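Data block below; observations after.
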Amino acid sequence: MSVSPARQSAISAANSFRVTNTLAFKESHSAALYGQNVFNEKVMQSRLPKAVYKSLKKTIETGAPLDPGMADIVATTIKDWALERGATHYAHVFHPLTGLTAEKHDSFLEPDGKGGAIAEFSGKQLAQGEPDASSFPSGGIRATFEARGYTAWDVTSPCYLVENANGVTLCIPTAFVSWTGEVLDTKTPILRSMKSLDTQARRILKLFGHTNIAMVSATAGPEQEYFLVDRNFYLARPDLMTAGRTLFGARPPKGQEFEDQYFGVIPDRVLAYMHECEAELYRLGVPVKTRHNEVAPSQYEIAPIYETANIAADHQQTVMTVLKRVARKYGMECIFHEKPFAGVNGSGKHLNWSLGNATQGNLLEPGHTPHDNMQFLVFCAAVIRAVHRHSGLLRALVASASNDHRLGANEAPPAIISVYLGDQLADIFEQLKKGKAKSSKKGGTMHLGVDVIPPLMKDAGDRNRTSPFAFTGNKFEFRAVGSSQSIGGPLAALNTIVTESLDYVANKLEKALKSKKLEDAVAELLTEIASEHGAVVFNGNGYTEEWHQEAEFKRGLPNLRTTIDAVPVIAAKQTVAAYEKYGILTKRELEARRDITLEQYCKTINVEANIVIEMVSTKYLPVAVRYQTELATNVAALKAAGVKADTSMLDKVTSLIGELQSELAKLTAARQHHAHDLSEEAKHFCKDVLPLLSSIRKVVDTLESVVADDSWPVPTYEEILFIK
């Protein structure tokens, strides 16, 4: 292969990487690792005084206030446990509105006044910390000079230990608020929305005769898609390293068209990496379950078992951190950008969501005869109503410059939010529109005609990968969340809009039961919801243009194609009313989140524009001009020798260089634009800058297919995606 020296060096380094065993996997089963570094219920029960343990457990399981007098005892116990495991520091871990994880580390050591030091950790230090709040996104809530912010211990999410080559840190999950009390994180809205969801769900369960019940909680299980590429290629691509995606890159001769990557054999190096990630996550109590190749070359997925929504959100952030950190041990880079490579599938984060409790189980479990399961139908109908009323909000909360590249393509859900119910439930809701449902479609069995293979149990409905919000048996799967995004915002939104819907349902049923039987009241309510909100239910192909036309113009479903279209919904009147009614977020806090999204959108595209200008000016144009000179010299030499010279290649390269210089000048000028209004600035980046990035890319990618390969300055798609 004739390539540039820099690319040859990267290829050689990637090809020569060898995995060495770092796990003693033959000596201990993975079950022995699980929860090893977590201050979980088993550890609490064995180490805390009985009364303190019961009090803490009650808070965790019922949401009851924590007895302040217990904090010092708990802190001392956690400290002793952590010190025994080698901990030297503790960290309040929180999730600011960057979408990432933040942490402030403090040493356990305090001077003893005698020239030595002792380990101290009080209840106050456990319960509250004070990181700087001015340098995190706040949407104007906090000015730069107003620095104070607080982290507050989340009792419901267990503390854990993070091991490093040179030490151990005790990590304490916390909420993050400003000095004035405004919410500056993604955790607090989840906790508040879970409390409200419990209140409204209990009202409905009470109508069905359930009174002495456990707390109803949302559950979540986010599937994480990601790319792994050799770090030598990653570091040789300024766009991939800085922007998280390749802003240039011609399509390779082979992409994903053979469909041979999906669920294929996992490469040895990647599988070894996955094993180590899972071992670390097991130690941290993260219940990861599934791993496999995804559709695109070098794309993979990891998925956990369901957990309480708040803990699932914390664990999801931990998964991303571990995937990133461990990748470098194996000479790779883990990429979460929603569309790092053009021409192949991007990455999402499917958010599986349900609700239930310890006494009634999963409230979205339909049972064998869903049409007879009134309780299930009520909760399911409430979710459908919620999604129909707030589909724009769900779209807005997954909006970003990076996710815009993915949503709506034939690889991901469309930007139109609809609900897929499957054949069985869709049939039931059609029956409900006409009155009471009287039957449920059956799944049956499937015989493969091979005696050694037993009959397969066939589900009553198929799955639909084009649906952004699909019922998948006993849960809903929100597929529009981006791979790089926190699930906190979408999760809190789901909890909030379903809370509002359950409140509506409870009010209707409580009023109707004054004069009607429960069965009749439920039938009437379900018919109303199926009729008024059935427009959001769609079981067909969400990729077709026909569906887009039908959804937008016949069903009235919002088609918010870009972040600019979607973001206003975050602080719209209907959103504010729901969030304020249940004490989730204030109007000011929602407006801050809207502005943060717009600001991050502008910054993302501005960074991409900077990289494009830099790479074109210092890499692509010089290479193209050198090749142009080489061609011109060749043409001149042929003419001097009396040979007829073909100038078509020279003409093409010259034309492309001219076009590239012209488009680069336009981009440079476009970056001088400054609007006084954040919304207008974001529109400028969307309407004016992004198209220029695309047009410049088109020219450079054409040059890549023309210029001599041994001159091309950066690793190509063929190298990045297929050398593992």
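Nothing fancy with the numbering, it's 1 onward along the sequence. Only a predicted model underlies this, so the values are computations on that prediction, with no experimental measurement involved.
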Identify each donor-acceptor pair in which a side-chain atom of residues 359-367 lies under 3.5 Å from a protein atom, sequence neighbours left out, and give them as a table.
| residue | atom | partner | partner atom | Å |
| --- | --- | --- | --- | --- |
| T359 | OG1 | A214 | N | 3.1 |
| T359 | OG1 | N357 | ND2 | 3.3 |
| Q360 | OE1 | N357 | ND2 | 3.0 |
| N362 | OD1 | S354 | OG | 2.7 |
| N362 | OD1 | L364 | N | 2.8 |
| N362 | ND2 | N474 | O | 2.8 |

Practice problem: Go through K433 and D427 one step at a time and tell me if the salt bridge (charged side-chain N to carboxylate O under 4.0 Å, His left out) criterion holds. | Solution: CA-CA 10 Å; K433 288 181 183 179; D427 176 64; over 6 Å; no
Quiz item: D503 and Y582: side-chain donor and acceptor closer than 3.5 Å?
Solution: yes
Quiz item: Would F471 and I384 satisfy side chain to side chain contact (heavy atoms under 4.5 Å, CB included), going step by step from the backbone distance to the final call?
Solution: CA-CA 10 Å; F471 187 76; I384 292 169; over 6 Å; no
Quiz item: For E550 and R555, what are the C-alpha separation, side-chain angles and deciding distance, and is it a salt bridge (charged side-chain N to carboxylate O under 4.0 Å, His left out)?
Solution: CA-CA 6 Å; E550 178 184 337; R555 300 196 184 202; 2.9 Å; yes
Exercise. Using only heavy-atom distances, determine whether the side chains of H371 and Q431 contain a donor-acceptor pair under 3.5 Å.
Key: no
Quiz item: Any side-chain heavy atom of R203 sitting closer than 4.5 Å to one from E510?
Solution: yes
Practice problem: For the pair M44 and I60, evaluate side chain to side chain contact (heavy atoms under 4.5 Å, CB included) and give the outcome as yes or no after the intermediate values. | Solution: CA-CA 12 Å; M44 287 192 294; I60 294 170; 4.0 Å; yes
Quiz item: Please walk me through it: do Q45 and E41 pass side chain to side chain donor-acceptor pair (under 3.5 Å)?
Solution: CA-CA 6 Å; Q45 187 173 16; E41 184 177 342; over 6 Å; no
Quiz item: For the atom pair OG1 (T186) and CG (L397), what is the distance rounded to the nearest 0.5 Å?
Solution: 11.5 Å
Quiz item: Is atom NZ of K195 surrounded by more than 12 heavy atoms (other residues, nucleotides or ligands) closer than 6.0 Å?
Solution: no
Quiz item: Can you name the closest pair of heavy atoms from G542 and P414 and give their distance?
Solution: O-CG, 3.5 Å
Practice problem: Apply side chain to side chain contact (heavy atoms under 4.5 Å, CB included) to the pair K508 and E524, showing each step before the final yes or no. | Solution: CA-CA 10 Å; K508 293 282 288 189; E524 186 178 289; 6.0 Å; no
Exercise. Indicate the atoms forming the closest heavy-atom contact of A512 with A521, along with that distance.
Key: CB-CB, 3.7 Å
Quiz prompt | Donor-acceptor side-chain pairing of T188 and D185 below 3.5 angstrom | solution = yes
Self-check item: Verdict with supporting geometry, M320 and T101, side chain to side chain contact (heavy atoms under 4.5 Å, CB included)
Solution: CA-CA 9 Å; M320 294 175 74; T101 299; over 6 Å; no
Self-check item: Residue among N495, I487, T219 satisfying side chain to side chain contact (heavy atoms under 4.5 Å, CB included) with W353
Solution: N495
Exercise. Look only at the side chain of T466 and the backbone of Y543, and say whether a donor-acceptor pair between them is shorter than 3.5 Å.
Key: no
Quiz item: Does any pair with a residue in residues 370-393 pass salt bridge (Lys or Arg N to Asp or Glu O under 4.0 Å), and if so which ones, sequence neighbours excluded?
Solution: R389-E500
Practice problem: Report the distance from atom CE of M194 to atom CG of N310, rounding to the nearest 0.5 Å. | Solution: 5.5 Å
Practice problem: For atom CD of E545, decide whether the heavy atoms of other residues, nucleotides or ligands shown that lie under 6.0 angstrom number more than 12. | Solution: yes
Quiz item: Nearest heavy-atom pair of T98 and Q600: which atoms, and what distance?
Solution: CA-NE2, 3.8 Å
Quiz prompt | Minimum heavy-atom distance T59-P65, with the two atoms named | solution = OG1-O, 3.6 Å
Quiz item: Any idea which heavy atoms bring G346 and K339 closest together, and the distance?
Solution: N-NZ, 3.9 Å
Quiz item: Tell me, do E294 and F263 make a side-chain contact under 4.5 Å, heavy atoms counted?
Solution: no
Self-check item: Separation of L393 CG from Q574 CD (nearest 0.5 Å)
Solution: 9.0 Å
Quiz item: At what distance, to the nearest 0.5 angstrom, does CG of L205 lie from CD of Q375?
Solution: 5.0 Å
Quiz item: Which pair of non-hydrogen atoms, one from A493 and one from L394, has the smallest distance, and what is that distance?
Solution: CB-CD2, 4.3 Å
Practice problem: Show your working on salt bridge (charged side-chain N to carboxylate O under 4.0 Å, His left out) between R479 and E477 and close with a plain yes or no. | Solution: CA-CA 6 Å; R479 294 172 173 156; E477 184 178 0; 3.2 Å; yes
Quiz item: With S483, which of E225, K349, Q224, E338 fulfils side-chain hydrogen bond (donor to acceptor under 3.5 Å, both in side chains)?
Solution: Q224
Quiz item: How far does CG of L191 sit from CG of D154, to the nearest 0.5 angstrom?
Solution: 5.0 Å
Exercise. To the nearest 0.5 angstrom, please state how far the CZ atom of F336 sits from the OG atom of S402.
Key: 13.0 Å
Exercise. Decide yes or no for T318 and D314: does some side-chain heavy atom of the first lie under 4.5 Å from some side-chain heavy atom of the second?
Key: no
Self-check item: Single hit among F538, Y420, F476 for ring-ring contact (aromatic ring centres under 6.0 Å, His included) with F469
Solution: F476
